[in-house]
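Working notes for the structure below.
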Amino acid sequence: MKKHNFSAGPCILPQSVFKEASQAVLDFNNSGLSILEISHRSKDFVAVMDEAQALVIDLLKLEGKGYKALFLQGGASTQFLMTAYNLLENKAAYLNTGTWSSKAIKEAKMFGSVEEVASSADKNFNYIPKNYSIPADADYFHCTSNNTIFGTQIKEFPTTTTPLVCDMSSDIFSRELDFSKFDIIYAGAQKNMGPAGTTLVVIKEDILGKVSRQIPSMLDYKTHISKDSMFNTPPVFAVYTSMLTLRWLKEKGGIAGIQKLNEEKAALLYAEIDRNPLFEGFAAVEDRSIMNATFNLKDEKLKDLFEDLVKAAGINGINGHRSVGGYRASMYNALPKESVQTLITVMKELETQA
Ligand SMILES: *Cc1c(COP(=O)(O)O)cnc(C)c1O
């Protein structure tokens with residue numbers, strides 16, 4: 001039986017995508033060949049890469065605005081250093097909203113000076129700092145749109161003339177934003193787009209070419225732009241499966257369509273967290289993520305009972321990250337509303353049994 005999968009990543013993808021992707025492993029496009037054994041330079045795979053890139057630009061409404069979509073490797077973690085390598089000449093500004101931001105800051109410091117404009121470390125990152133100012137002389141400003149571990153999400157991005165770089169690993173394609181505000185958006189595929197193994201980078205081409213250092217070919221965005229993400233062998237299966245997920249998303253009404261569903265799911269779960277006297281939310285209410293809801297049991301003695309009920313209901317992946325504890329329900333695009341309803345039923349059940 002299919003589990004209700006609230007895993008934070010790698011995570012649930014649409015069932016139809018699992019089916020289609022597994023079929024392509026056996027026989028891709030009725031070619032008599034597996035997607036895993038064809039050349040990445042074959043006509044059939046080039047068409048996949050082209051469609052995946054076009055869907056990204058289309059879904060983000062960046063058509064004709066000077067952006068390029070790349071499918072790279074090395075995870076979002078490689079983007080922590082690659083963004084700095086390509087953009088940081090003197091100074092960069094960073095907003096520190098959690099583990100991933102902190103890691104990005106650590107990498108950037110190897111390339112220049114880093115000004116941390118604000119941090120929510122004082123409260124174990126349970127909120128998003130506001131009213132900070134971004135130095136006008138920074139080469140770029142970096143932020144993390146959704147803090148997967150802590151369950152907070154930036155609702156309003158700063159308006160600034162400084163170029164904007166954003167790690168959107170865990171909420172890309174989940175809500176409408178003016179994506180043209182950003183100069184670089186990056187996201188590991190495995191949170192909301194596809195299997196682990198590829199990283200989406202959406203880049204405004206005119207942001208490049210401003211640093212004086214030499215950049216190794218594989219870490220230079222220009223290399224990948226000039227070769228359409230085919231400088232070396234791309235992760236063909238991860239790109240193919242991401243393309244299928246993006247097609248699915250487009251059929252669902254694009255980002256606007258899925259945002260409505262995401263907001264409904266999040267509203268249902270947060271309402272129960274707030275109503276149920278046995279639970280409390282972790283993240284500040286105004287900064288709550290619609291992707292990852294973090295919450296705790298007020299009475300630790302109920303832990304075993306709750307977790308038995310969770311297991312019996314076929315729910316997977318709600319344990320919180322070790323740096324927060326408690327629980328985390330990740331409600332990515334492909335998670336059905338019924339899964340959220342099942343979790344809520346279990347929370348109510350705990351209340352009657354406790
Ligand atoms: C998971 C995650 C990362 C790390 O991604 P990898 O692809 O594993 O390197 C970075 N940033 C955020 C916001 C994440 O959720």
Side-chain angles (χ1 to χ4, degrees), residues 5 9-25 28-29 35-36 38 40 43-65 67-73 75-76 79 145-146 166-180 182 184-204 224-225 228-230 234-262 265 290-291 330-336:
N5 191 9
C11 67
I12 190 167
L13 293 172
Q15 284 303 301
S16 59
V17 169
F18 287 142
K19 271 208 189 105
E20 236 182 306
S22 49
Q23 177 54 41
V25 169
F28 177 51
N29 284 355
I35 178 90
L36 303 180
I38 58 167
H40 59 290
K43 199 164 83 350
D44 280 358
F45 185 74
V46 171
V48 168
M49 181 62 94
D50 287 348
E51 184 175 347
Q53 293 178 344
L55 278 165
V56 169
I57 297 295
D58 174 39
L59 287 162
L60 299 179
K61 300 197 167 86
L62 291 174
E63 193 71 56
K65 293 184 177 164
Y67 287 82
K68 181 87 188 167
L70 302 174
F71 286 91
L72 306 182
Q73 299 188 59
Q79 293 310 307
S145 57
N146 184 69
C166 191
D167 176 359
M168 294 196 188
S169 291
S170 52
D171 68 351
I172 185 98
F173 302 119
S174 70
R175 57 173 172 165
E176 288 199 292
L177 291 173
D178 176 5
F179 293 99
S180 69
F182 301 91
I184 294 183
I185 295 165
Y186 62 88
Q190 71 276 13
K191 305 279 166 56
N192 212 18
M193 186 176 72
T198 192
T199 311
L200 174 65
V201 178
V202 180
I203 185 162
K204 198 168 184 190
H224 299 289
I225 290 174
D228 273 323
S229 293
M230 294 274 205
V236 290
F237 187 67
V239 173
Y240 176 68
T241 310
S242 298
M243 186 276 282
L244 294 178
T245 312
L246 295 170
R247 264 190 199 163
W248 169 88
L249 180 57
K250 174 118 181 142
E251 280 162 21
K252 285 255 160 195
I255 297 178
I258 210 76
Q259 175 172 3
K260 200 170 154 284
L261 183 63
N262 288 337
K265 290 185 293 186
I290 59 165
M291 293 277 96
S330 298
M331 299 172 280
Y332 296 118
N333 286 354
L335 184 86

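Residues: numbered from 1 along the sequence shown. Note that these values count all heavy atoms, side chains included, but never hydrogens, waters or copies made by symmetry.
- Proximity of Met331 to Ile290: side-chain heavy atoms (C-beta onward) are nowhere separated by under 4.5 Å.
- Gln190 contributes no side-chain N or O that, together with a main-chain N or O of Gly9, makes up a donor-acceptor pair within less than 3.5 Å.
- Closest of all the heavy-atom pairs between Val46 and Met230 is CG2-CE, 3.9 Å.
- When atom types are taken as modelled, the side chain of Thr198 and the backbone of Leu72 share a donor-acceptor pair closer than 3.5 angstrom.
- Side-chain contact check for Glu51 versus Arg247: some heavy-atom pair is nearer than 4.5 Å.
- No donor-acceptor pair closer than 3.5 Å links the side chain of Thr241 to the backbone N or O of Ala238.
- Summarising the geometry of Lys265 relative to Tyr332, their closest heavy-atom pair is NZ-O, 2.9 Å, with the distance given to 0.1 Å.
- The CE atom of Met243 sits 11.0 Å away from atom CE of Met49, with the distance rounded to the nearest 0.5 Å.
- The closest side-chain heavy-atom distance from Ile255 to Leu60 is below 4.5 Å.
- Under the side-chain contact (heavy atoms from CB on, under 4.5 Å) criterion, Val25 pairs with Ser34, Ile35, Leu36, Phe237, sequence neighbours left out.
- Defined by atom type and a distance below 3.5 Å, a donor-acceptor pair is missing between the side-chain atoms of Ser174 and Asn262.
- Ala69 and Ser229 make their closest contact through O-OG, 4.2 Å (heavy atoms, listed as atom of the first residue, atom of the second, distance).
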| Under the side-chain contact (heavy atoms from CB on, under 4.5 Å) criterion, do Phe45 and Val239 qualify, and how do the steps go? | CA-CA 10 Å; Phe45 185 74; Val239 173; 4.1 Å; yes
| said: side-chain hydrogen bond (donor to acceptor under 3.5 Å, both in side chains), that's the test. Do Gln79 and Thr199 meet it? Break it down for me. | reply: CA-CA 9 Å; Gln79 293 310 307; Thr199 311; 5.5 Å; no
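- No donor-acceptor distance shorter than 3.5 angstrom exists from the side chain of Asn192 to the backbone of Asp171, with no hydrogens or angles considered.
- Proximity of Pro14 to Glu251: side-chain heavy atoms (C-beta onward) are nowhere separated by under 4.5 Å.
- With Asn5 contributing its side chain and Cys11 its backbone, the two residues share no donor-acceptor pair below 3.5 Å.
- Val202 is not listed as a side-chain neighbour of Met168, based on a closest heavy-atom distance of 4.5 Å or more.
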| said: Under the criterion side-chain contact (heavy atoms from CB on, under 4.5 Å), I'd like the reasoning laid out for Val236 against Phe28: C-alpha separation, chi angles, the key distance, then a yes or no. | reply: CA-CA 12 Å; Val236 290; Phe28 177 51; over 6 Å; no
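- One finds the CG atom of Leu249 at 12.5 Å from the CG atom of Leu244 (value rounded to the nearest 0.5 Å).
- One finds the CG atom of Leu335 at 9.0 Å from the CE atom of Met291 (value rounded to the nearest 0.5 Å).
- Listed by chain and residue number, nothing satisfies the salt bridge (Lys or Arg N to Asp or Glu O under 4.0 Å) test with Lys252 (two or more places apart in sequence, or in another chain).
- Looking at every heavy atom in both residues, Pro195 comes nearest to Ala189 through O-CB, 3.5 Å.
- The two residues Ser242 and Gly194 have their closest heavy-atom pair at OG-CA, 3.8 Å.
- Side-chain N or O atoms of Ser170 include one that pairs as donor or acceptor with a backbone N or O of Asn146 at under 3.5 Å.
- By the salt bridge (Lys or Arg N to Asp or Glu O under 4.0 Å) test, Lys61 pairs with Glu176, sequence neighbours left out.
- Remark: side-chain polar atoms of Thr245 are paired, donor with acceptor, to backbone N or O of Met193 under 3.5 angstrom.
- The structure places CD1 of Ile57 at 5.5 Å from CG of Leu62, a figure rounded to the nearest 0.5 Å.
- Salt-bridge annotation for Asp228 and Lys68: present, with a side-chain N of the basic residue lying under 4.0 Å from a carboxylate O of the acidic one.
- Minimum heavy-atom separation, Phe71 to Ala52: CE1-CB, 3.7 Å.
- At distances below 3.5 Å, not a single donor-acceptor pair connects side-chain atoms of Asp44 with backbone N or O atoms of Asn29.
- When ring centroids are compared, Tyr67 and Phe179 stay outside the 6.0 Å threshold.
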